[in-house]
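Just so you know, these numbers come straight off a predicted model, no measurement behind them.
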Amino acid sequence: MLSRIALKPVRSAIQPIRLTQTSATTNAASAAVAESPERDLVNFPRPVRQELPGKVRLGFIPEEWFQFFYAKTGVTGPYTFGLGLTTYLCSKEIYIMEHEFYTGLSIAIMGIYAVKKLGPSVATYLDKEVAKSDAEMNAGRDLAIEQCKNRVVAEKVEQDRALAQKMLFEAKRENVALQLEAAYREQLIKVFAETKKRLDYQVEVQNVQRNLEQRHIVDWVLRSVRAAVTPEQEKATLSQCIANIKSLAQQNTARI
Amino acid sequence: MMANLFSIFDPASTLSLPLNWFASTLGLFLLPWVYWVQSNRYHKMFSMISNQLHLEFKTLVGPASSQGHTLIFISLFMFILFNNLLGLAPYVFTASSHLAMTLSLAMPLWFSFMIYGWFNHTRHMLAHLVPLGTPGILMPFMVLIETISNLIRPGTLAVRLAANMIAGHLLLVLLGNQGPSLSSSLLSFLLGTQILLLTLEGAVAVIQSYVFAVLATLYSSEVV
């Protein structure tokens, strides 16, 4: 672990892993503004968080050690070295396999079995717990974003409502126009009725006048005729009538 | 060279200084490296255990608990746990199997509790010597018994931990010593038994550290 840090190469300026990204953090202008001009990022780059554990071979030997050997001894170098060293230690009895060795062997078997069998499930469970705490940490921010989104939607609804108001105004205008039309028609009919009444009156007046004139003329004619009838004419007419009646009577008696 | 069976516990070092006790600091390497706000898996597991312990100890102390009351006991638990577990690994000195260490943990704790309690809450401590519901005749004997049980508390704390560790290691060493003299066919039985024993020892390591911390919490809660 410590050798890994000692052999770690100096990293170039890589974008650090963030929890979430918004447009503000990807905006080049805002990123430039966020950095302090006095900060030396070339010699002291920002540390980057590792996503996965470091690479190991055989479960516990860091990959960097193999790279260290690679230049001189190639691919099989470290393995040969390890095997040779253990054989040397065991055969020269520098390392004696006494009780601690068998304890170590048992622990190694237990460890390998536990990592192979229980490792993935424990890892997924812990990842879930980490995600839960991440969500808790981001909760305030996410809530604020959610609220802003909801406000945008509500704003759209309000805008639609405002448009609907315009339609309401149109409807109201139409309503008023209809009412005006109805009033106009009513007044028109009233005017018509009034005019007709006046004209009917005139007609009636004329009719009455004509009737009066007719009666007056008839009366005048009768009066003048009656005035024109002299007593001699009356006598003559009367005698003529009597004569006519006598002749008729005679005719009747002759028929019977 | 094993002079007797217990020579495995002898403090050993190449120089004349007792450097073997630095094995207690090995636990510091197992503490999670926390640099980022976002935790990694190991730190998450560690903090989950710590939080669970904190909740348990808080419940044990009850209404008398104050802010940070559980911190020392969680640290105690972690320290003893690392000592016990790392001691199971080969060639690592088990510091908690020595009374020198366990007594150094138990004695100051108990002494401080007693001094604080007896000087500041004398009547409360005297009341504790007679449990609730004791018949009147038995009260003098109860006082004696409670006093004795109180006085042996540091001893029991220390000896319990040391004895458990010694017993476990002894069994492992006895079993392991048969290894070189066995044929390869019987070796699998030996390894199987050792694996079972190691599982037991791992459980005992965790349980003993938990017991030590819980008892220390209880003793502290009695005094407050």
Side-chain angles (χ1 to χ4, degrees), chain A residues 1-5 16-20 46-54 60 89-90 93-115 117-141, chain B residues 1-2 5 7-8 29-30 32-49 51-52 85-94 168-182 186-203:
Chain A
M1 188 163 58
L2 295 172
S3 70
R4 203 190 284 268
I5 293 166
I17 297 164
R18 300 177 202 275
L19 289 170
T20 53
R46 285 184 187 279
V48 178
R49 185 174 180 270
Q50 280 182 309
E51 281 287 331
L52 297 165
F60 68 100
L89 290 173
C90 290
E93 295 213 338
I94 298 170
Y95 177 68
I96 306 161
M97 293 189 207
E98 27 83 70
H99 66 277
E100 298 274 22
F101 171 72
Y102 293 102
T103 314
L105 200 58
S106 312
I107 289 179
I109 294 169
M110 279 169 67
I112 291 167
Y113 181 81
V115 166
K117 278 277 160 15
L118 305 171
S121 55
V122 169
T124 44
Y125 169 70
L126 287 172
D127 281 340
K128 250 198 315 215
E129 293 291 319
V130 167
K132 232 196 294 183
S133 66
D134 278 353
E136 267 173 45
M137 279 195 278
N138 278 332
R141 206 166 152 273
Chain B
M1 178 62 207
M2 275 186 45
L5 197 54
S7 61
I8 51 164
F29 290 115
L30 287 183
W33 291 23
V34 184
Y35 181 75
W36 304 99
V37 173
Q38 204 180 12
S39 46
N40 54 5
R41 290 173 187 163
Y42 182 62
H43 175 226
K44 191 79 209 156
M45 188 173 70
F46 197 85
S47 59
M48 277 170 73
I49 294 172
N51 281 328
Q52 193 59 36
L85 282 177
L86 285 169
L88 285 172
Y91 305 109
V92 179
F93 179 69
T94 320
H169 277 265
L170 226 49
L171 282 170
L172 281 169
V173 163
L174 279 170
L175 203 55
N177 272 330
Q178 310 310 314
S181 54
L182 281 181
L186 286 172
L187 208 60
S188 49
F189 287 110
L190 179 101
L191 286 175
T193 323
Q194 275 228 316
I195 285 170
L196 290 169
L197 210 56
L198 273 166
T199 322
L200 175 71
E201 284 312 306

Asker: What part of B:T199 is in contact with chain A, defined as an atom under 4.5 angstrom from a non-hydrogen atom: side chain, backbone, both or neither?
Answerer: both
Asker: What are the two closest heavy atoms between A:M97 and A:Y102, and how far apart are they?
Answerer: O-CE1, 3.9 Å
Asker: Please classify the contact of B:L197 with chain A as side chain, backbone, both or neither, using a heavy-atom distance under 4.5 Å.
Answerer: neither
Asker: Look only at the side chain of B:Q194 and the backbone of A:T103, and say whether a donor-acceptor pair between them is shorter than 3.5 Å.
Answerer: yes
Asker: Hey, is OH on B:Y91 packed in by over 12 heavy atoms from elsewhere, all under 6.0 Å?
Answerer: yes
Asker: For chain A, find which of B:S47, B:A89, B:G176 contributes the most heavy-atom pairs closer than 4.5 angstrom.
Answerer: B:G176
Asker: Please confirm whether the backbone N or O of A:Y125 pairs with a side-chain atom of A:E129, one donor and one acceptor, at under 3.5 Å?
Answerer: no
Asker: Looking at every heavy atom in both A:S133 and A:V130, which two are closest together, and how far apart are they?
Answerer: OG-O, 2.9 Å
Asker: In terms of heavy-atom pairs under 4.5 Å with chain B, which of A:L126, A:V122, A:L105 leads?
Answerer: A:L126
Asker: With only heavy atoms counted, which part of B:L175 is less than 4.5 Å from chain A, the side chain, the backbone, both or neither?
Answerer: neither
Asker: Tell me, for A:I109 versus chain B, whether the close heavy atoms (under 4.5 Å) come from the side chain, the backbone, both or neither.
Answerer: side chain
